[in-house]
K.L.:
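Here's a structure for you.
For clarity, every value in this text was computed on a predicted model and none was experimentally measured.
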Amino acid sequence: MSKNKRNSAAAPQQSKQEKRRAEQEKQKQKTRILIFSTVAAVIIIFVALIMLIPKGNSDFNYSEMHRLGKEDAPVKIVEFGDYKCPACSDFTGTIKPQLVEKYVTPGKAAFYFVNMAFIGPDSETASLAALSVYHQNSEAFWTYYDAIYANQGEESEEWATADYLVSLAQKENLPIDFDLLRKDIEERTYESELQRDMKLAEDSKVTSTPTVFVNGVKVDKAFDIKAIDSQVQIALDSADAK
């Protein structure tokens, strides 16, 4: 057989092999696209599910917190605060009065406080004093709470001594045993309750003070009264729908 005839017979064979390779490559390309599309779809669905989860949603045992207002109020507003925190003092003087006037006094909401004593030793000492007052007279607690913030010392200085805190309670004429208050501060009587609050703050992923939750939902900015109002209204609507 001549060289030309051998070449003409091999040509169709090469053409079939090339077609087969082309088809195989096309199939591989389809498979890669399918895998990529599937992975992308899974990622999109996963991200969408994450976005649907309410931010900062926590379940609280409200019976363990200091409460201002009716126990059966449909809305629970919780503040995580530190008595040595200047921002908490501002919150107590500006935002809290608005919440009390609009929601607590009419019985729409109850206001709760949780200790997050993290700035320094003063934070814990003041918290222990407030816990003592609470256990002696729960109504006097809120007077003392306001008084500590109103008379807060400099953040860079140590001011929350037992002498100062007892003197402050006496100045406010609280209906409590002042000797017992001093004893509770010095012996850290309510240390376990303080640590319980700190654990709750940690479990609730609270990293700064003041931090506000409305019915377990974290409000992004504690000083944004409109955001708090909006969350309270959602909670009220939800309560009405039940």
K.L.:
Let me check something: do Leu181 and Leu128 share a hydrophobic cluster, defined by ILVMFWY side-chain heavy atoms less than 4.5 Å apart, either directly or through other members?
P.N.:
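Leu181 and Leu128: separate clusters.
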
K.L.:
According to a hydrophobic-cluster definition based on side-chain heavy atoms being under 4.5 Å apart (Ile, Leu, Val, Met, Phe, Trp, Tyr only), do Leu194 and Leu180 belong together?
P.N.:
no

K.L.:
I'd like to know if the side chain of Thr211 and the backbone of Ser208 have a donor-acceptor N/O pair within less than 3.5 Å.
P.N.:
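Pair found, side chain donor or acceptor close to backbone of Ser208.
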
K.L.:
Heavy atoms only: give me the nearest Ile77-Leu99 pair and the separation to one decimal.
P.N.:
CG2-CD1, 4.2 Å

K.L.:
Around atom CD of Gln98, are there more than 12 heavy atoms from other residues, nucleotides or ligands closer than 6.0 Å?
P.N.:
yes

K.L.:
I'd like to know if the side chain of Glu158 reaches the main chain of Pro121, judged simply by a donor and an acceptor atom lying under 3.5 Å from each other, with no hydrogens or angles considered.
P.N.:
no

K.L.:
State the CD1-OH distance between Ile185 and Tyr190, to the nearest 0.5 angstrom.
P.N.:
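With rounding to 0.5 Å, CD1 (Ile185) is 11.5 Å from OH (Tyr190).
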
K.L.:
Nearest 0.5 Å, please: how far is CZ in Phe113 from OH in Tyr83?
P.N.:
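It comes to 4.0 Å.
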
K.L.:
Is it the case that over 12 heavy atoms from other parts of the model lie below 6.0 angstrom from the CD atom of Glu101?
P.N.:
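No.
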
K.L.:
Would you tell me whether Glu23 and Gln27 have side-chain atoms, one donor and one acceptor, within less than 3.5 Å of each other?
P.N.:
no

K.L.:
Check Cys85 against Gln152 and note the closest heavy-atom contact, atom names and distance.
P.N.:
O-NE2, 3.0 Å

K.L.:
Specify the closest pair of heavy atoms between Lys70 and Arg67, including all atoms of both residues, with the distance to one decimal.
P.N.:
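Scanning both residues, the minimum pair turns out to be C-NE, 3.7 Å.
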
K.L.:
If we ignore angles and hydrogens, is there a donor and acceptor under 3.5 Å between the side chains of Asn61 and Ser63?
P.N.:
yes

K.L.:
Checking the side chain of Lys102 only, and the main-chain atoms of Lys108 only, is there a donor and an acceptor separated by less than 3.5 Å?
P.N.:
no

K.L.:
Is Asp184 reaching over with its side chain to a backbone N or O of Ser132, donor-acceptor style, under 3.5 angstrom?
P.N.:
no

K.L.:
Do you reckon Tyr164 sits in the same ILVMFWY cluster as Phe178, going by side-chain contacts under 4.5 Å, direct or chained?
P.N.:
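They do share one cluster, since a chain of ILVMFWY contacts under 4.5 Å joins Tyr164 to Phe178.
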
K.L.:
Is it the case that the side chains of Gln233 and Asp237 hold a donor-acceptor pair, with the cut-off being a distance below 3.5 Å and no angle test?
P.N.:
yes

K.L.:
Aromatic contact between His66 and Tyr112, with the criterion being ring centroids under 6.0 Å apart: yes or no?
P.N.:
no

K.L.:
Test Phe213 against Val219 for side chain to side chain contact (heavy atoms under 4.5 Å, CB included), laying out the working first.
P.N.:
CA-CA 6 Å; Phe213 287 77; Val219 179; over 6 Å; no

K.L.:
Between Lys183 and Asp177, is a salt bridge (charged side-chain N to carboxylate O under 4.0 Å, His left out) present by the stated rule, with each step listed?
P.N.:
CA-CA 10 Å; Lys183 179 174 180 290; Asp177 182 333; over 6 Å; no

K.L.:
Taking C-beta and beyond as the side chain, do Phe111 and Glu79 meet within less than 4.5 Å on heavy atoms?
P.N.:
yes

K.L.:
Do His135 and Glu193 come close enough that some side-chain heavy atom pair is under 4.5 Å?
P.N.:
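With C-beta onward as the side chain, the pair touches.
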
K.L.:
Please walk me through it: do Lys171 and Asn151 pass side chain to side chain contact (heavy atoms under 4.5 Å, CB included)?
P.N.:
CA-CA 11 Å; Lys171 182 181 176 183; Asn151 294 275; 4.1 Å; yes

K.L.:
Which pair of heavy atoms, one from Val232 and one from Tyr103, lies closest together, and at what distance?
P.N.:
CG1-CE2, 3.5 Å

K.L.:
Below 4.0 angstrom, N of the basic side chain to O of the carboxylate: do Asp146 and Lys96 qualify?
P.N.:
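So Asp146 pairs with Lys96 through a salt bridge.
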
K.L.:
Between Asn137 (side chain only) and Ile176 (backbone N and O only), is there a donor and an acceptor less than 3.5 Å apart?
P.N.:
no

K.L.:
Look at the side chain of Ser138 and the backbone N and O of Tyr134, then say whether any donor-acceptor pair between them is shorter than 3.5 Å.
P.N.:
no

K.L.:
So Glu186 and Arg182, do their side chains get closer than 4.5 Å, heavy atoms only?
P.N.:
yes

K.L.:
Say you draw a straight line from OG1 of Thr143 to OH of Tyr145; how long is it, rounded to the nearest 0.5 Å?
P.N.:
12.5 Å

K.L.:
Can any side-chain N or O of Thr94 pair as donor or acceptor with the backbone N or O of Asp90 at less than 3.5 Å?
P.N.:
yes

K.L.:
Any donor-acceptor pair under 3.5 Å linking the side-chain atoms of Asp82 with those of Thr209?
P.N.:
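No, no side-chain donor-acceptor pair sits under 3.5 Å.
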
K.L.:
In terms of hydrophobic clustering (I, L, V, M, F, W, Y; side-chain heavy atoms under 4.5 Å; direct or indirect links), are Val212 and Val75 co-clustered?
P.N.:
yes

K.L.:
Restricting to non-hydrogen atoms, name the atom on Leu165 and the atom on Ala160 that form the minimum distance, rounded to 0.1 Å.
P.N.:
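Result for this residue pair: CD1-O, 3.7 Å.
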
K.L.:
Rounded to the nearest 0.5 Å, what's the gap from CZ on Arg188 to CD on Glu124? Could you check?
P.N.:
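Atom-to-atom, Arg188:CZ and Glu124:CD are 5.0 Å apart.
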
K.L.:
Is there a donor-acceptor contact under 3.5 Å from the side chain of Ser230 to the main chain of Lys226?
P.N.:
no

K.L.:
When you check the gap from the basic side-chain N to the acidic O, do Lys199 and Asp203 get nearer than 4.0 Å?
P.N.:
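Yes, charged N to carboxylate O under 4.0 Å.
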
K.L.:
Do Met116 and Leu200 have side chains that approach each other closer than 4.5 Å (heavy atoms only, starting at C-beta)?
P.N.:
no

K.L.:
Please evaluate residues Thr161 and Thr125 with respect to the criterion side chain to side chain contact (heavy atoms under 4.5 Å, CB included), reporting the C-alpha separation (whole Å), side-chain torsions for both, the decisive distance (0.1 Å), and the verdict.
P.N.:
CA-CA 7 Å; Thr161 62; Thr125 309; over 6 Å; no

K.L.:
Please check if the distance between the ring centroids of Phe91 and Tyr149 is under 6.0 Å.
P.N.:
no

K.L.:
Ignoring hydrogens, what is the shortest heavy-atom contact between Val104 and Gly69? Give both atom names and the distance.
P.N.:
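Shortest heavy-atom contact: CG1-CA, 3.7 Å.
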
K.L.:
Any chance you could measure Met198, atom CE, to Phe118, atom CZ, to the nearest 0.5 Å?
P.N.:
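With rounding to 0.5 Å, CE (Met198) is 8.5 Å from CZ (Phe118).
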
K.L.:
Could you check whether any side-chain N or O of Lys84 sits under 3.5 Å from a backbone N or O of Glu155, counting only pairs where one atom can act as donor and the other as acceptor?
P.N.:
yes

K.L.:
Would you say Val217 ends up clustered with Leu236 if hydrophobic residues are merged whenever their side chains have heavy atoms under 4.5 Å apart, either directly or through other cluster members?
P.N.:
no

K.L.:
Measuring from Asp197:CG to Leu131:CG, what's the distance to the nearest 0.5 Å?
P.N.:
6.5 Å

